[in-house]
Amino acid sequence: AQSVAQPEDQVNVAEGNPLTVKCTYSVSGNPYLFWYVQYPNRGLQFLLKYITGDNLVKGSYGFEAEFNKSQTSFHLKKPSALVSDSALYFCAVRGDGGQNFVFGPGTRLSVLP
Amino acid sequence: KAGVTQTPRYLIKTRGQQVTLSCSPISGHRSVSWYQQTPGQGLQFLFEYFSETQRNKGNFPGRFSGRQFSNSRSEMNVSTLELGDSALYLCASSLEQGRNYGYTFGSGTRLTVV
């Protein structure tokens, strides 16, 4: 069975500092990994995905994520956080044979001015 | 181009009633998926349709059903509503079915059951 863990419910970071939102996964076969962001009363917005290739994936709004197969992790990063990055972030995986996303529980990011 | 459109945005229903939610995918997208989002359970997969056929189904009771029309628009129906069905229902569309395709989500329909 596929599963995604986001070990932190909440991440607080000061504006201008680097941020990391953690994600680990469990899936059979090769993982297809995604990050989405959700603002209040809105749907999910796609940030980036890892399918194959370079372990460092660059996405929207200056975000990037590093795929680490040995640690089964896919952490989301940004070099310099903005207050407008404050939102709910979801990591998701789709594995072999699974056509639907399995989402993590979400991590609420608060960027403090 | 227009994104994924979900209607209505907000809905209040009484326990025992039924409800139908609508999703219009991005033009040209043939795959539509539905998810339920609640504070307690997070995001859970309901079902996916591709070319008018249900291709995958999550672990929800039979009260939850859906369909897809020839123009790829999709509806989901919940019968005999329960208080626990209160949630944000999200629809996502993709060009094709397959795990390497990115999905675009709509803003959702917030259903409140009283």
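It should be emphasised that the depicted structure is a prediction, and the values quoted were computed from it without experimental measurement. Each chain gets a letter, A, B and so on, in the order the sequences are listed, and its residues count up from 1. The basis for the numbers below is simple: all heavy atoms, side chains too, and nothing from hydrogens, waters or symmetry mates.
Between A:Phe103 and A:Phe101, the gap from one ring centroid to the other is short of 6.0 Å.
The part of B:Leu90 that comes within reach of chain A is its side chain, from C-beta onward, which places non-hydrogen atoms under 4.5 angstrom from that chain. Of the two parts of A:Gln45, neither the backbone nor the side chain holds a non-hydrogen atom closer than 4.5 Å to a non-hydrogen atom of chain B. Neither the backbone nor the side chain of A:Tyr39 has a heavy atom closer than 4.5 Å to any heavy atom of chain B.
B:Ser74 and B:Gln68 form no side-chain donor-acceptor contact under 3.5 Å, judged by distance and modelled atom types alone. When only modelled atom types and interatomic distance are considered, A:Ser73 and A:Asn68 share no side-chain donor-acceptor pair under 3.5 Å. In the model, A:Glu15 has no side-chain atom that pairs as donor or acceptor with a side-chain atom of A:Asn17 under 3.5 Å.
With respect to chain A, the highest number of heavy-atom pairs below 4.5 Å among B:Gly42, B:Gly108, B:Gly106 belongs to B:Gly106. Chosen from B:Gln6, B:Gln37, B:Gln44, the residue pairing most often with chain A at heavy-atom distances under 4.5 Å is B:Gln37.
Taking the six-membered ring for Trp and thresholds of 30 and 60 degrees, B:Phe47 and B:Trp34 have ring planes more than 60 degrees apart, a perpendicular arrangement.
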